[in-house]
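Since the structure comes first, as structure tokens, the remarks are kept for the end.
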Amino acid sequence: QVQLVESGGGLVQAGGSLRLSCAASVRTFSRYVAGWFRQAPGNEREFVATISGNGRTTIYVDSVKGRFTISRDNGKSTVYLQMNSLKPEDTAVYYCAADGDTSWLLSRRDQDYDYWGRGTQVTVSS
């Protein structure tokens, strides 16, 4: 069982930056694909970004390309989401997720992820 704990959310003005962190409870974190998803009020949860176990491969949703960067430090069992040039439409609860079945096959589908954090709120004011 993997526990994931997000941190780093908060309130920021449009154009600002935040860095989210997600700490995993396992030392073999490199064996897991990791991802970030978000859910705004009244909306379904949507994919944001995902990263392979070795950190070499990433995928982003089009709306965040060029603004967000996913990365990981397996020595710290932590995955990050650097968010720059934030927009009000980025406001959501952000969730970290891990796929226990693969370290390399990336997915945009939330049903492919086995473990989830509780989320951290990101609010971007205009």
Side-chain angles (χ1 to χ4, degrees):
Q1 187 75 9
V2 179
Q3 294 183 334
L4 303 172
V5 179
E6 303 97 335
S7 61
L11 173 64
V12 63
Q13 288 188 333
S17 298
L18 284 174
R19 188 175 83 154
L20 305 183
S21 299
C22 171
S25 61
V26 292
R27 282 186 279 184
T28 56
F29 195 45
S30 62
R31 298 180 184 178
Y32 300 79
V33 164
W36 287 96
F37 291 76
R38 65 186 180 186
Q39 187 169 21
N43 291 356
E44 293 186 352
R45 186 164 57 191
E46 69 165 345
F47 165 77
V48 176
T50 183
I51 187 168
S52 59
N54 62 10
R56 294 175 184 171
T57 308
T58 58
I59 297 176
Y60 297 89
V61 66
D62 286 348
S63 61
V64 307
K65 284 181 181 177
R67 300 189 298 123
F68 290 12
T69 303
I70 188 171
S71 62
R72 65 193 298 160
D73 183 341
N74 289 328
K76 296 181 179 179
S77 298
T78 300
V79 62
Y80 304 98
L81 186 67
Q82 178 66 44
M83 306 185 295
N84 299 329
S85 302
L86 282 160
K87 304 176 181 179
E89 50 264 44
D90 295 317
T91 294
V93 177
Y94 283 70
Y95 297 91
C96 175
D99 183 348
D101 295 327
T102 179
S103 66
W104 60 272
L105 185 60
L106 305 185
S107 174
R108 295 177 173 89
R109 305 190 315 164
D110 56 3
Q111 58 262 48
D112 288 332
Y113 292 81
D114 307 295
Y115 307 103
W116 291 84
R118 292 189 172 185
T120 185
Q121 176 70 46
V122 172
T123 303
V124 184
S125 63
S126 57

Nearest heavy atoms of [X] and [Y], plus distance in Å:
X	Y	answer
A14	S126	CB-CA, 4.4 Å
T78	S21	CG2-CB, 4.3 Å
A49	L81	CB-CD1, 4.4 Å
M83	V122	CE-CG2, 3.8 Å
A92	R38	CB-CB, 3.8 Å
S17	Q82	CB-NE2, 4.0 Å

Please determine whether a side-chain nitrogen of the Lys or Arg among D90 and K87 lies less than 4.0 Å from a carboxylate oxygen of the Asp or Glu.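 No, this pair does not count.
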Can you tell if the side chain of W36 reaches within under 4.5 Å of the side chain of F68, non-hydrogen atoms only?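 When only atoms from C-beta onward are counted, F68 and W36 do not touch, as no gap falls below 4.5 Å.
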Student check: side-chain heavy atoms of T91 and Q121 closer than 4.5 Å: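 Touching, per the 4.5 Å side-chain cut-off.
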For side chain to side chain contact (heavy atoms under 4.5 Å, CB included), just list the numbers for F47 and I59, CA-CA rounded to whole Å, side-chain angles, deciding distance to a tenth of an Å, and then say yes or no. CA-CA 10 Å; F47 165 77; I59 297 176; 4.1 Å; yes
Donor on one side chain, acceptor on other, S107 and D112, under 3.5 Å: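 Side chains of S107 and D112: pair found under 3.5 Å.
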Geometric class of the W116/F37 ring pair [parallel <30°, tilted 30-60°, perpendicular >60°]: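 If you compare the ring of F37 with that of W116, the planes turn out tilted.
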Do V124 and V48 share a hydrophobic cluster, counting only Ile, Leu, Val, Met, Phe, Trp and Tyr and linking them when any side-chain heavy atoms are less than 4.5 Å apart?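 In one cluster with V124: V48, yes.
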When hydrophobic residues are tied together by side-chain contacts of less than 4.5 Å, even through go-betweens, does Y80 share a cluster with V26?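 As far as the 4.5 Å side-chain criterion goes, V26 and Y80 are not connected within one cluster.
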Side chain to side chain contact (heavy atoms under 4.5 Å, CB included) between F29 and V79, intermediate numbers included: CA-CA 9 Å; F29 195 45; V79 62; 4.3 Å; yes
Under 3.5 Å donor-acceptor, [X] side chain and [Y] backbone:
X	Y	answer
R108	T50	no
D99	L106	no
Y60	R67	no
E6	C22	no

So, taking the atom named [atom1] in [X] and the one named [atom2] in [Y], what distance separates them when rounded to the nearest 0.5 Å?
X	Y	atom1	atom2	value
Y113	L4	OH	CG	12.0 Å
T57	I70	OG1	CD1	11.5 Å
T120	Y95	OG1	OH	10.0 Å

Tell me, yes or no, whether the heavy-atom count around E89 atom CD, taken from other residues, nucleotides or ligands under 6.0 Å, exceeds 12.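 Atom CD in E89 is crowded, with more than 12 foreign heavy atoms closer than 6.0 Å.
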